[in-house]
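Everything below concerns the one structure shown next.
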Amino acid sequence: MVLDELTVRRGTPSIVEPARATPRESKPLSDIDDQNCMRIYLVGIYAFRGHLSKQGSDPAAVVRSALAEALVHFYPLAGRLREEAGRKLVVDCAGQGVAFVEADANIAFSPKTNMDDLGDVRYPPFPRSEEFVYDDHVYMANLPPGLLLPEIIGQPLLYVQVTRFTCGGFIVGTRTCHCLTDGSGVAQFLKSVGELARGADSPSVPPVWSRDIFNAREPPCPFFPHPEFQEPAGGHDRLMSTPPHELARVEFSFGPEAIAALHSRAALGKKVSRFDLVAACLWRSRTAALGYAPGDEVRWI
């Protein structure tokens with residue numbers, strides 16, 4: 001495989017600020033956004049083939065310029081998180097900027113090869129992904145072995161690396177704070193970067209904040225019971241009493257073959273979504289690993 005010979009040389013990291021002045025304000029996150037499980041960075045890797053019409057154009061410079069323009073519209077991404085009482089998160093928007101680094105790969109594709117020779121990169125795990133994603137995070141201390149959680153307070157909310165290939169192709173690797181956005185939000189932002197790089201005056205779909213609609217009212221007044229947020233009948237979940245040294249963080253990829261294998265185990269004639277398949281698989285594995293007793297009441301959120 002071409003990637004076996006890969007070497008990536010990174011340049012000096014820098015900060016990309018919005019291209020123009022943006023509002024100076026503080027924007028609270030919702031009660032959903034500041035949960036512990038959201039305090040991570042989402043990783044994305046996007047590969048682009050070279051094109052004859054773009055010869056002589058530096059993809060890193062184009063992405064950097066478009067990124068600065070996009071941050072004018074998506075200015076909270078250029079801010080920094082701070083924590084208030086009750087661990088509530090707020091974005092301080094002051095145009096602080098996002099982390100950016102250029103890189104060059106040593107692979108030269110011949111006329112008989114192209115970006116497709118990187119292998120099947122449509123689904124994770126992306127081979128040699130660490131070469132294409134800039135990681136300069138401060139990690140939390142006193143965590144269980146194998147568990148790495150980035151510090152998000154006061155850190156850039158977006159990290160971008162553009163890796164150039166000598167064939168003219170390039171790869172954009174991103175790390176985006178999950179408290180600010182999900183996969184769909186990242187896709188919308190990157191689509192806007194692409195539109196602005198092609199000369200658009202503004203994104204075709206403008207961003208909307210409106211995080212307040214997800215906040216509980218004060219005082220709370222739910223319309224119906226929410227058992228998913230109530231303490232299980234037997235007390236705390238077994239996970240809470242599991243010693244940290246017995247926990248490990250492991251990433252699993254569910255590609256087409258894995259999904260097909262799970263489909264083959266589903267009830268005949270029953271239509272099951274991929275989400276339900278993966279959730280059921282994780283539920284059974286988690287139940288077995290933690291050793292729940294028959295009849296235990298467990299929460300799955």
For [X] and [Y], which heavy atoms make the closest approach, and how far apart are they?
X	Y	result
T163	Q161	OG1-NE2, 2.9 Å
A105	T166	O-CG2, 4.4 Å
G185	D182	N-OD1, 2.9 Å
A70	V193	CB-CG2, 3.7 Å
V278	I259	CG2-CD1, 3.9 Å

Measuring from [X]:[atom1] to [Y]:[atom2], what's the distance to the nearest 0.5 Å?
X	Y	atom1	atom2	result
K27	L89	NZ	CG	15.0 Å
E83	D34	CD	CG	8.5 Å
D31	N215	CG	CG	4.5 Å
L262	E257	CG	CD	12.0 Å
S273	D276	OG	CG	3.5 Å
R87	Q35	CZ	CD	11.0 Å

Practice prompt. Answer yes or no: is there an ion pair linking K88 with E84, defined by an N-O contact shorter than 4.0 Å?
Written response: no
Item to complete: Answer yes when R10 and D104 have at least one side-chain N-carboxylate O distance shorter than 4.0 Å, and no when they do not.
Response: no
Practice prompt. Would you please name every residue forming a side-chain contact (heavy atoms from CB on, under 4.5 Å) with A266, sequence neighbours left out?
Written response: V272, L277
Less than 3.5 Å apart, which donor and acceptor atoms pair up between the side chains of residues 201-209 and the rest of the protein, not counting sequence neighbours?
from	atom 1	to	atom 2	distance (Å)
S204	OG	E195	OE1	3.3
S204	OG	E195	OE2	2.6

Fill in: salt bridge (Lys or Arg N to Asp or Glu O under 4.0 Å) involving K191 - partner list, sequence neighbours excluded
none
Worksheet item: What do you reckon, are the aromatic ring centroids of F170 and F165 less than 6.0 Å apart?
Response: no
Would a hydrophobic clustering, with Ile, Leu, Val, Met, Phe, Trp and Tyr connected at side-chain separations under 4.5 Å, put [X] with [Y]?
X	Y	result
Y292	L282	yes
F74	I15	no
F254	W283	yes
F214	L29	no
L67	Y46	yes

Item to complete: Could you point out which residue of V133, V172, V16 forms a side-chain contact (heavy atoms from CB on, under 4.5 Å) with V160?
Response: V172
Item to complete: Begin from the C-alpha positions of Y41 and Q155 and carry the test side-chain hydrogen bond (donor to acceptor under 3.5 Å, both in side chains) through to its verdict.
Response: CA-CA 11 Å; Y41 283 84; Q155 304 296 319; 5.9 Å; no
Quick one: are [X] and [Y] in side-chain contact, heavy atoms under 4.5 Å?
X	Y	answer
P18	H73	no
P59	V62	no
I40	M38	no
I45	I171	yes
L158	T174	yes
L71	F189	yes
R24	Y75	no
V8	N106	no

Worksheet item: What salt bridge (Lys or Arg N to Asp or Glu O under 4.0 Å) pairs are there with at least one residue in residues 68-78, not counting sequence neighbours?
Response: R20-E69
Item to complete: Test side chain to side chain contact (heavy atoms under 4.5 Å, CB included) on L157 and I152 and set out the steps.
Response: CA-CA 7 Å; L157 303 176; I152 61 172; 5.6 Å; no
Under 3.5 Å, which donor-acceptor pairs do the side chains of residues 93-103 form with other protein atoms, sequence neighbours left out?
from	atom 1	to	atom 2	distance (Å)
Q96	OE1	A94	N	3.0
Q96	NE2	D92	O	3.3
E102	OE1	R164	NH1	3.0
E102	OE1	R164	NH2	3.3

Practice prompt. Before giving the answer on salt bridge (Lys or Arg N to Asp or Glu O under 4.0 Å), spell out for D33 and R211 the whole-Å C-alpha distance, their side-chain angles and the decisive distance to 0.1 Å.
Written response: CA-CA 9 Å; D33 301 323; R211 301 296 176 105; 2.8 Å; yes
Discussion item. Other residues, nucleotides and ligands only: do more than 12 of their heavy atoms fall within 6.0 Å of CZ on R274?
Written reply: no
Fill in: Exceeds 12 heavy-atom contacts within 6.0 angstrom, atom CD of E246
yes
Worksheet item: Can you check whether A61's main-chain N or O pairs, donor with acceptor, with S65's side chain at less than 3.5 Å?
Response: no
Item to complete: Give the C-alpha distance, both sets of side-chain angles, the deciding distance and a yes or no for side chain to side chain contact (heavy atoms under 4.5 Å, CB included) between L81 and C177.
Response: CA-CA 10 Å; L81 288 175; C177 183; 4.0 Å; yes
Item to complete: Share the residues that join F275 in a hydrophobic cluster, the rule being Ile, Leu, Val, Met, Phe, Trp or Tyr side chains under 4.5 Å apart at the heavy-atom level.
Response: none
Item to complete: Start with the C-alpha gap between V298 and R286, add the side-chain angles, then the distance that decides, and say whether side chain to side chain contact (heavy atoms under 4.5 Å, CB included) holds.
Response: CA-CA 11 Å; V298 185; R286 183 181 187 275; 3.9 Å; yes
